[in-house]
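Worksheet: the structure to be examined is printed underneath.
First the proteins, then the strands, lettered A, B, ... as listed; each starts at 1.
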Amino acid sequence: MKSLNMQSMAKSVTTRVVRLWIFGLAVAGALTTLPAATPAAAHGERSQQAFLRMRTLNWYDVKWSKTELNVNDEMELTGKVHVFSGWPQAVARPGESFLNVGEPGPVLIRKSAFVGEVPVPRTFSMDVGKDYEYKIVLKARRQGRYHVHVQINVKDGGPIVGPGQWITIKGDMKDFTNPVTLLEGSTIDLETYGITWTYIYHFFWMAAAAAWILYWFMTKGIIVRYWQVKAGKGAELIGQDEKRIGAITLAVVLLGVLVFYAAANREFPRTLPMQAGLLTGISPIDEPRSTVAVQFKGGSYTVPGRELRIRVKVANNGKDPIRLGEFTSAGLRFLNPDVFTSRPDFPDYLLADRGLSVSDSNPIAPGETRDLEVIVQDARFDIERLSDLAYDTDSQFGGLLFFFSPSGERQKAEIGGPVIPKFQAGAAL
Amino acid sequence: MSASTETGSPAGKTWKSKEEFLGCVILTDWILLVVLFAVLLGSFHIHYMLLAGDWDFWIDFKDRRMWPTVAPIVAMCFAAASQSFFWTRFRLPIGATTVVLALLIGEWINRYDNFWGWTFFPINLVFPSALIPMGFWLDIVLMISGSWLVTALVGGLGWGLLFYPINWPVLAQYHQAAEVDGVLLTLADLIGFNYVRTGTPEYIRMVERGTLRTFGKDVVPVAAFFAGFISMLVYFLWWNMGKWFSTTKYLEIEEV
């Protein structure tokens, strides 16, 4: 008796604990889902490893032709990308790449995409060490304010996200159209094309299936059938009448399949298989050889000061004196205020307009070779988590240096190599 | 429901009347139907999304070789298991139809609410594969033959063969050709290109990749026969899987 009481009490307590757990889970679920969610401000590019962003694709001259559009307006996202020579061993090379857009769903659709002069609706190949120019034509589809990035997906390497800009779209998505002219001459709206028929076709068959299930369920249910099968009377449940109903149903179903199939072939007599395949041989940017040679001599990163110091030997083989004006890496731009007297049009979160300085700011004369210490210092380096380089298995930085002549002519030089993190007492990475 | 004439179960002790007993049976039947449907919907949906995945999600993955091979084979698993349960326990010829209807209801909820409602992908990019006539075929072959062996051989082969013709009435319109910037694309390709998927680059499509080159453009029948053949084998395995799970022996006797 005592044992039974204890069992009863234990059962009661267990039940209450389970109920409390369920209640707690429900409360937790409500608290985490019911409050208004804030829109995502980025696409996870900061979570990508620093060495991946710095030493794979270096984006430059990125431009968004508009930042405010109405639904159905078009804009261009253009720029250049340098495929880093010291491409990390841990990442697959960009032999199969796809020019993409980082945005929260198709709020802008991609009408065209080009690398150089070549349209790239498909996968293409890039060579390490080369520069490519790209252009993406986007058409505004859904109203709102969105962060829109250029992005290149590399097979077995993942998406490599470039700089992003806030784009505001006004209007209403229900007014959006996407006209496409077919090869046979007619024009359709791809936004809605074929959707009604897709619904009709699917729901017709689903209704037929529901009718079939309910017919058998309503005749004898489930439990009664179970009892009869259990009693060895299963064969009585499916007799000749039932088989006849089945055969007729199957005949009607197969006839329906045949009719729909023939109707589709009659309506669309000329169809093609989907088109796929790798686009190779895309020409990189045809630019004159740089007259600046830069040799990396070592570097360090001071963690508490958010300061990257690199020592370089710069040889000016050109005809004009040059000064270092910009270091760019992972979409961030660090500018030398001695060279950039006005702020360029670029997203603020990626533009450190006073983030670059050099140990000797005098111009490097033609034919001169000079050792320089380049100092990159800005909170953005840390905010964009490039200081996480110290956590990477391959702690080498990478990027592009831009030198400028007095006339504004720009020379580009790739730079990269190992940097040593400097920790100070009490500082945490 | 015609339960009243054939039950013959003892009414009187637990129930006040035979009518009350029959009402209880019918109510339990409905609860069972709804619960079974929901369980099949959830489990088959997860299974199918994990194994057919992108082939079922996107129109520009639905090619002539990989899609008609993969989709029917992985769909056969739950169809066979569900038939095993409904047929051996209840002699109900609805196992395959129920499970594909459950899957499609789940998929349509997912495609409409998530893909269209939350991320604005148009339905013509994300509609699921049609499977219902295959469910009819499998159920009726089992009902007429009364044999799971015949159903595996005949039903399994038909299951694979029917898949592409069933889907073609919707798919055909998206295989019309268009020229974009001098490049030939089908509308299916173009929808995939226009409506940006940040995490789904073009190269992960597997459009007619493989070594099957002998049959020229007529790859669908070969893929369908292969799918049918593998579906037979899958049927054997999953029929027994369904049988294995269609029991109460895993529960303690006091709980039953």
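Of the listed residues (M173(A), E191(A), E184(A)), the greatest number of heavy-atom pairs within a distance under 4.5 Å of chain B belongs to E191(A). With respect to chain A, the highest number of heavy-atom pairs below 4.5 Å among A178(B), P169(B), A130(B), P122(B) belongs to P169(B). With chain B as partner, the option from F203(A), Y201(A), F114(A) having the largest number of non-hydrogen pairs under 4.5 angstrom is Y201(A). Ranked by heavy-atom pairs under 4.5 Å with chain A, the list L131(B), T28(B), L33(B) is led by L33(B). Note on L108(A), V107(A), N265(A), L278(A): by heavy-atom pairs under 4.5 Å with chain B, the leading option is N265(A). When each of A209(A), A235(A), A262(A) is checked for heavy-atom pairs under 4.5 Å with chain B, A209(A) comes out on top. When the candidates G194(A), G105(A), A263(A), A247(A) are compared by the number of heavy-atom contacts under 4.5 Å with chain B, G194(A) comes out ahead. The residue among L171(B), V170(B), T119(B) with the most heavy atom pairs within less than 4.5 Å of chain A is V170(B). Per-residue heavy-atom pair counts under 4.5 Å with chain B were compared for T198(A), V257(A), I152(A), and the maximum is reached by T198(A).
Atoms CG and OG1, from N124(B) and T192(A) in turn, are 7.5 Å apart once rounded to the nearest 0.5 Å.
Neither the backbone nor the side chain of R244(A) has a heavy atom closer than 4.5 Å to any heavy atom of chain B. Residue I59(B) touches chain A through its backbone alone, counting heavy-atom pairs closer than 4.5 Å. Only the side chain of F127(B) comes within contact range of chain A, judged by heavy atoms closer than 4.5 Å. For I105(B), the parts sitting under 4.5 Å from any heavy atom of chain A are the backbone and the side chain alike. In this structure, chain A has heavy atoms under 4.5 Å from both the backbone and the side chain of D60(B). With a 4.5 angstrom heavy-atom cutoff, Y193(A) touches chain B via backbone and side-chain atoms both. The parts of I94(B) that come within reach of chain A are both its backbone and its side chain, each placing non-hydrogen atoms under 4.5 angstrom from that chain. Of the atoms belonging to R91(B), heavy atoms from both backbone and side chain fall under 4.5 Å from chain A. With a 4.5 angstrom heavy-atom cutoff, L254(A) touches chain B only via side-chain atoms. For V120(A), the part lying under 4.5 angstrom from a heavy atom of chain B is the backbone only. With a 4.5 angstrom heavy-atom cutoff, S129(B) touches chain A only via backbone atoms.
For D189(A), the side chain to side chain donor-acceptor pair (under 3.5 Å) criterion is met by no residue, not counting sequence neighbours. With sequence neighbours left out, P269(A) forms a side chain to side chain contact (heavy atoms under 4.5 Å, CB included) with no residue at all.
Aromatic ring orientation, F90(B) versus Y226(A): tilted (interplanar angle from 30° to 60°). Aromatic ring pairs are classed by plane angle as parallel below 30°, tilted from 30° to 60° and perpendicular above 60°; the pair W108(B) and Y199(A) is tilted.
By the 4.5 Å heavy-atom criterion applied to side chains, R65(B) and P273(A) are not counted as neighbours. Side-chain contact between D189(B) and R122(A) is absent, with no heavy atoms from C-beta onward closer than 4.5 Å.
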Quick one: do H175(B) and L272(A) satisfy side-chain contact (heavy atoms from CB on, under 4.5 Å)? Show the steps, please.
-> CA-CA 5 Å; H175(B) 278 241; L272(A) 291 181; 5.8 Å; no
Full working for side-chain contact (heavy atoms from CB on, under 4.5 Å) between F217(A) and L92(B)
CA-CA 8 Å; F217(A) 175 75; L92(B) 271 169; 5.9 Å; no
### Task
Please test L184(B) against L183(A) for side-chain contact (heavy atoms from CB on, under 4.5 Å), starting from the C-alpha separation and ending with a verdict.
CA-CA 9 Å; L184(B) 179 68; L183(A) 218 53; 3.8 Å; yes
message = Checking I140(B) against W212(A) for the side-chain contact (heavy atoms from CB on, under 4.5 Å) test, could you report, in this order, the C-alpha distance in whole Å, the side-chain angles of both residues, the deciding distance, and whether it holds?
response = CA-CA 11 Å; I140(B) 296 171; W212(A) 173 257; 3.8 Å; yes
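Counting only residues at least two apart or in different chains, salt bridge (Lys or Arg N to Asp or Glu O under 4.0 Å) contacts with residues 207-219 of chain A are absent.
For residues 109-116 of chain B, the interface with chain A (any heavy-atom pair closer than 4.5 Å) comprises Y112(B), W116(B), sorted by residue number.
Closest of all the heavy-atom pairs between D181(B) and P119(A) is O-CG, 3.4 Å. Residues M143(B) and E242(A) approach most closely at CE-O, 3.3 Å, considering heavy atoms.
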